[in-house]
Structure formats: structure tokens, C-alpha cells
Amino acid sequence: MTVNSAAEELRAELTRHPSRRGDALFRWLAKSSGWFILALLVLIAAFLVIEAIPALQHDKSNFFSTLAWDPDQTGEFGIAALAFGSILSSLLALIIGVPIAVGVGLYISQYAPRAVARPLGYIVDLLAAVPSVVFGLWGLIWLVPTLIPLSEFLNKWLGWFPLFASSNNTYGKSMFAAGVVLAVMILPIVAALCREVFIQTPDEHIEAAYALGATRWEMIRMAVLPYGRSGMISAIVLGFGRAIGETIAVALVLSSSNVITFHIFDPAGATIAANVANKFGDAGATGRSALIASGLVLFAITLVVNFGARAIVRRGSKEKRA
């Protein structure tokens, strides 16, 4: 009996074994799940493109540069102001929420005693279960009036910077309020993911840092944060996706107006998701198709951000191996 024939018989015997059949079944299920997600993504993109074509054909202006949104009456509409507002509000949410979320994750995983860390982790996780309409009502009733004195203070002392300057000294339902609400909404997601990544830091890395005489912060800087960098980036991307796609909360705390402005304290601005929530009920056939077209743009922005994050993580992994 040759070596090849013996190997073939052994492979056949292993294949007939129930555990091997279970491995093959699991492999098939895992592969099918991956292809199903990819097919679902393609189908969603195809649906958005097909439904958006009628509105784009009737658009009497440039869809990517027009500020106005009136598809059913004048036929002029565009996503310039909506896309700008979506990105600006999401970036504000990341700037405000991510440092706090990372700090919470570090405290729970590295500083807090076990008796405190476990209930605090549960509380942070529970924040993710709060409905967005509750955050919106909280922002509308309590947060917006509360932020007015802070907005006036920042405008007074930092008004030389356009972001903190108010063009008409009118405050209220602004992009700043929307950014704060979104920051609170993404905080539990980012904090929970960062906490789980930081906990997975190998003990060998931590002990090696302490062996070199590092303090706790130096150990975190040298061992925990570098190890969890890819997880932190993934958490930030998920937070960005949560923020840019939020509808009801933003619609309640943002004064909808299709303008492009960097004055975050002014009661102005709009986002794609909030515009869909506000306009879909009263929209005609062209209007609904136009809203779907704006959703297609939001879909594309999310894909670009995710692919960019994956590229950053991949490059960081290559540099680490080098």
C-alpha cells in the first residue's frame, strides 16, 4: 500500500466520523452566514439605488450641491446641507463622547475594585437599552435649556473661533445640543467595547511593564492602549455609525433648516436621518424616492468610514508585526 493510498483511506475514515461531519456542517453554516451577510448588503444597496433613480431623474438641480429640499413642489433638492449636518453632529458626538467612554472603560477594567466594576459595567450596558425617543425627550425638555448658559459662556470667551461663535446670539435647538445627545447615546457602546478589549490585555504584557518600573498609567500607556488600539478604532466606528444614523433624538433637539454653518450654537442645521423622519410622512412619490436617495448617500458614507477604519487597523497590524 502506497503512502498516498493510506492517506486517502485515513482521510475517508476521518470524514465518516461523526465529529468530522459536525466540523464540516459547522464550516458550511459559518461560510453560509458570511455569504448571507454579503448578499444582504448587496440587496440593500440595490434596493436603495433602484428606488432612488426616479427622484434623481426628476431632480432639477444638482443633488450633491443643492441646499434646498423641495422634491414634490419645485423639484429642487439636494443633500449638501443634510450630509454636512450628519457628519458634523457625528464628529461632535465622537469628540465629546469618545474620551469619556475610553476613560470609563479604563476605570472599569484597570482601576475600579471588583465590587464596583461589575455593577458599574451593568449600568453602562443598560444605557444602551434606553430608547432613542427617551434621549430625544430628555434633550428637548432638559438639555436644550440647560446648554444655553454654557453656549453663551463659550461664545463670550471662545467666540474668536468660528465653531464657538454665534452669528445672531440666538441659542436653543442647535447642532451643539444634537452633538451632546448623540455623545450620550454612543457612550455605552464605545465604553462597553473598550472595556472588553482592555480586559483582554495579556497578563504578560502588564507584568512586563511593571517589571520595568512603570507606574499604573505608564503600564496602561505601554501595554493596555497599544494592545486595544484596533478594538478602540472598531468601537469608535460603531459609535459613529450609531450617531450618524440616529433619527428621532436628533429630530427633537435640532431645529431643522437646510443650511451649512460651522456655528454650532445657532438654531440651524439638519441631518439626513432626521430629515427622513420629519419628511417621510408628508412626502409624495417623488419625495419618498428623494428621501431614499438621501438614505443611499448615508449608506455610502457609513461604508466609506468602515472601510477606512479597517484600512487603519490593517496598517497598524502590519507595522506591529514589522
Side-chain angles (χ1 to χ4, degrees), residues 89-130 132 134-135 138-139 143 147 150 154 176 178-246 249 302 305-306 308-322:
S89 61
S90 301
L91 290 178
L92 288 174
L94 294 181
I95 292 172
I96 298 171
V98 168
I100 300 175
V102 173
V104 171
L106 284 175
Y107 176 73
I108 294 176
S109 62
Q110 303 297 326
Y111 286 95
R114 186 180 299 272
V116 176
R118 183 168 296 177
L120 183 58
Y122 291 154
I123 293 173
V124 172
D125 292 341
L126 282 176
L127 283 175
V130 177
S132 59
V134 175
F135 283 111
W138 166 74
L143 184 64
L147 288 179
L150 177 61
L154 293 175
F176 179 54
V180 174
V181 171
L182 291 175
V184 175
M185 296 180 69
I186 70 172
L187 192 150
I189 299 174
V190 180
L193 290 175
C194 289
R195 179 193 68 212
E196 295 301 321
V197 170
F198 296 152
I199 290 175
Q200 301 303 320
T201 304
D203 293 337
E204 294 81 2
H205 295 188
I206 298 175
E207 293 171 359
Y210 281 136
L212 293 174
T215 62
R216 177 168 293 188
W217 161 242
E218 290 173 336
M219 178 275 295
I220 291 173
R221 183 168 55 85
M222 292 188 300
V224 177
L225 292 180
Y227 181 83
R229 182 173 59 179
S230 60
M232 291 171 59
I233 294 175
S234 300
I236 292 172
V237 171
L238 285 177
F240 180 85
R242 176 75 169 91
I244 200 171
E246 180 51 44
T302 306
V305 171
N306 277 275
R310 294 294 299 176
I312 294 174
V313 172
R314 191 180 301 111
R315 185 177 63 181
S317 300
K318 290 181 179 179
E319 293 176 355
K320 187 180 297 185
R321 287 195 298 268

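Keep in mind that this is a model prediction, so the values were computed, not measured.
Distance CZ/F176 to CG/L154: 6.0 Å, rounded to 0.5 Å.
For the side chain to side chain donor-acceptor pair (under 3.5 Å) condition, no pair includes a residue of residues 91-113, sequence neighbours left out. Listed by first then second residue, pairs satisfying salt bridge (Lys or Arg N to Asp or Glu O under 4.0 Å) with a partner in residues 212-221 number zero, not counting sequence neighbours. Sorted by first and then second residue, the side chain to side chain donor-acceptor pair (under 3.5 Å) pairs with a member in residues 189-204 read D125-R195; sequence neighbours excluded.
What you find for V181 and W138 is that their closest heavy atoms are CG2-CZ3, 4.4 Å. Of all heavy-atom pairs between A223 and H205, the closest is CB-O, 3.9 Å. When every heavy atom of F198 is checked against every heavy atom of V102, the shortest pair comes out as CE1-O, 4.1 Å. The shortest non-hydrogen separation linking A93 to A243 is CB-CB, 4.3 Å. Among all heavy-atom pairs drawn from P188 and V124, the shortest one is CB-O, 3.1 Å.
Applying the side chain to side chain contact (heavy atoms under 4.5 Å, CB included) rule to I95 yields no partners; only residues at least two apart in sequence or on another chain are considered. Applying the side chain to side chain donor-acceptor pair (under 3.5 Å) criterion to N306, with sequence neighbours excluded, gives no partner residue.
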Under 3.5 Å, which donor-acceptor pairs link side chains of residues 231-241 to any protein atom two or more places apart or in another chain?
from: S234; atom 1: OG; to: S230; atom 2: O; distance (Å): 3.1

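Within the 4.5 Å cutoff, no side-chain heavy atoms of L92 are placed close to those of L182. Taking the side chain as every heavy atom from C-beta outward, I186 and L94 approach each other to under 4.5 Å. Residues L106 and L225 have side chains in contact (heavy-atom distance under 4.5 Å, counting atoms from C-beta outward).
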